[in-house]
Amino acid sequence: MDSGIRARKSALSVVGGPISLDLTLRSGQVFHWDRLEDGSWVGLIGDRFVRVSERNGALETDRGSEGIVRNYFSLDHPLDEIYAAFPDDPLSREALEMCRGMRIIRQPRWECLATFITSSMKQVAHIRAMSLAIRKSFGPQIGEVFAYPSPGVLARADEPSLRACGLGYRAANLLATARRVADGKVDLEALSRLETEDLRNALTALPGVGVKVANCVLLFAYERLDAVPIDVWIHRVLLSMRRGRDGTAAQLARYARRRLGPYAGYVQQYLFHRARVSSK
DNA sequence: CGCCAGGGTCTCG
DNA sequence: CGAGACCATGGC
């Protein structure tokens, strides 16, 4: 990052762990963090600017930010239990060894939903570029960076200026969903009380949200750790696990749930990262 | 240039 | 219900 972000080198306080920040922030869950030369990361949690760093596998942050950092990076997730529940096949074992310490983070609901509406048929680098453009064009400035704009702000935007952020045909979907949320027709916080199936149905009723995007939001913003987004990468992984036997989306979803276990979303995230890294 | 990317939606059989 | 067309954009 060259925008002059130079976090103060004040002492950081230990939050907990274990965690791998690099893996967590580079695994296609979230797209707006910046890695500094010293290996620490800076970014916004909602509209709060924080610096996080990793020392001996433990997470550190600025004094006063410990609570929100601990929550955002899900330090309460029981990694030992999750790893014990990993499926016992070569691919999953390899993914685990490659990604140990990666955590599924707790993202703000709207920010996560909106970002993944823009993600369809886009590479991770493009999603990041669109996210930064939307933030810069519409979001409130926090110091030297920009937070994600609220539903109300985006609801009052027009489609051409969203397209100017590189969204293409996704602009209309983001605009329409922003309006439904801003109208109060959908309450993203209240939805958190729904059972996973009902929550998935409520999300897929929104413009630009199909099963895959809904599962991303379930996993990254609603703590449903068994939700399995099936994108082209995971599709290939599942195909390989089934020795080439393809199936309908529903069949593959059923297979993934059964095969990947109670923390299927975690397993999926590790498999996703392994597949992407090893293809380069 | 063709191909691919953390897909959704609509149409047609 | 399931397969196909179409939808923009950018990196390689």
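Predicted, not measured: the structure shown is a model, and the values here were computed from it. Each chain gets a letter, A, B and so on, in the order its sequence line appears, and its residues count up from 1.
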Inset, instruction - Is it possible for you to check whether A:Arg106 lies under 6.0 Å from the centre of the six-membered ring of A:Phe73, through NZ or CZ, and within 45° of that ring's axis? - result: no
Legend entry - Ring centers of A:Tyr270, A:Phe86 separated by less than 6.0 Å: yes
Inset, instruction - Could you tell me whether A:Asp231 and A:Lys212 have a side-chain N and a carboxylate O separated by less than 4.0 Å? - result: no
Legend entry - chain A contact limits on DNA chain C, taken 5' to 3' with a cut-off of 4.0 angstrom to heavy atoms: C:dG2 to C:dG11
Legend entry - Interface with DNA chain B, restricted to residues 248-271 of chain A and to heavy atoms under 4.0 Å: A:Gln268, A:Gln269
Inset, instruction - Treating Ile, Leu, Val, Met, Phe, Trp and Tyr as nodes and any side-chain heavy-atom pair under 4.5 angstrom as an edge, say whether A:Leu75 and A:Phe220 lie in one connected cluster. - result: no
Legend entry - Residue mapping more 5' on DNA chain B - nearest nucleotide basis, A:Ile127 or A:Asn173: A:Ile127
Inset, instruction - Check side-chain hydrogen bond (donor to acceptor under 3.5 Å, both in side chains) between A:Trp33 and all other residues, then give those that pass, not counting sequence neighbours. - result: A:Tyr72
Inset, instruction - Tell me what A:Arg170 touches on the nucleic acid: a base, only sugar-phosphate, or nothing, going by heavy atoms under 4.0 Å. - result: base
Legend entry - Gap in Å between the two C1' atoms, one belonging to B:dG6 and one to C:dA3, rounded: 23 Å
Inset, instruction - Name the nucleic acid region contacted by A:Gly166, choosing base, sugar-phosphate or nothing; use a 4.0 angstrom heavy-atom cut-off, strictly under. - result: sugar-phosphate
Legend entry - Straight-line distance of A:Gln29 CD to A:Phe116 CZ, nearest 0.5 Å: 8.0 Å
Inset, instruction - Could you tell me whether A:Arg109 and A:Asp187 have a side-chain N and a carboxylate O separated by less than 4.0 Å? - result: no
Legend entry - Pairing of A:Arg259 and A:Asp89 as salt bridge, 4.0 angstrom limit: yes
Inset, instruction - Using the heavy-atom set of chain A and a strict 4.0 Å cut-off, write down the first and last nucleotide of DNA chain B that makes it in, 5' to 3'. - result: B:dC4 to B:dT9
Legend entry - Closest approach of A:Thr204 to A:Val211 (non-hydrogen atoms, all atoms of both residues): CG2-N, 3.9 Å
Inset, instruction - Have a look at A:Phe220 and say if it touches a base, only the backbone sugar-phosphate, or nothing, with a 4.0 Å heavy-atom cut-off. - result: base
Legend entry - Pairwise C1' distance, B:dA5 and C:dA8 [rounded to whole Å]: 12 Å
Legend entry - Sugar-phosphate, base or nothing in reach of A:Ser279, heavy atoms under 4.0 Å: nothing
Inset, instruction - Mind running a 4.0 Å heavy-atom check of residues 203-217 of chain A against DNA chain B and sending the residues that fall below it, in number order? - result: A:Leu206, A:Pro207, A:Gly208, A:Val209, A:Gly210, A:Val211, A:Lys212, A:Val213
Inset, instruction - Indicate whether any N or O donor in one side chain lies under 3.5 Å from an N or O acceptor in the other, for A:Ser13 and A:Glu60. - result: no
Legend entry - Ion pair check, A:Arg135 and A:Glu111, cut-off under 4.0 Å: yes
Legend entry - Short side-chain to backbone donor-acceptor contact, A:Ser137 and A:Ile134, under 3.5 Å: no
Inset, instruction - Indicate yes or no: does A:Arg179 engage A:Asp183 in a salt bridge with an N to O separation below 4.0 Å. - result: no
Inset, instruction - For the residue pair A:Tyr263 and A:His77, confirm or rule out a side-chain donor-acceptor distance under 3.5 Å. - result: no
Inset, instruction - Using a strict cut-off of less than 4.0 Å between a Lys/Arg side-chain nitrogen and an Asp/Glu carboxylate oxygen, indicate whether A:Asp88 and A:Arg93 qualify as a salt bridge. - result: yes
Inset, instruction - Go through residues 225-233 of chain A and report each residue with a non-hydrogen atom lying under 4.0 Å from DNA chain B, sorted by number. - result: A:Pro229, A:Asp231, A:Val232, A:Trp233
Inset, instruction - Look at the side-chain heavy atoms of Ile, Leu, Val, Met, Phe, Trp and Tyr, link any pair under 4.5 Å apart, and say whether A:Leu188 and A:Val213 land in one connected group. - result: yes
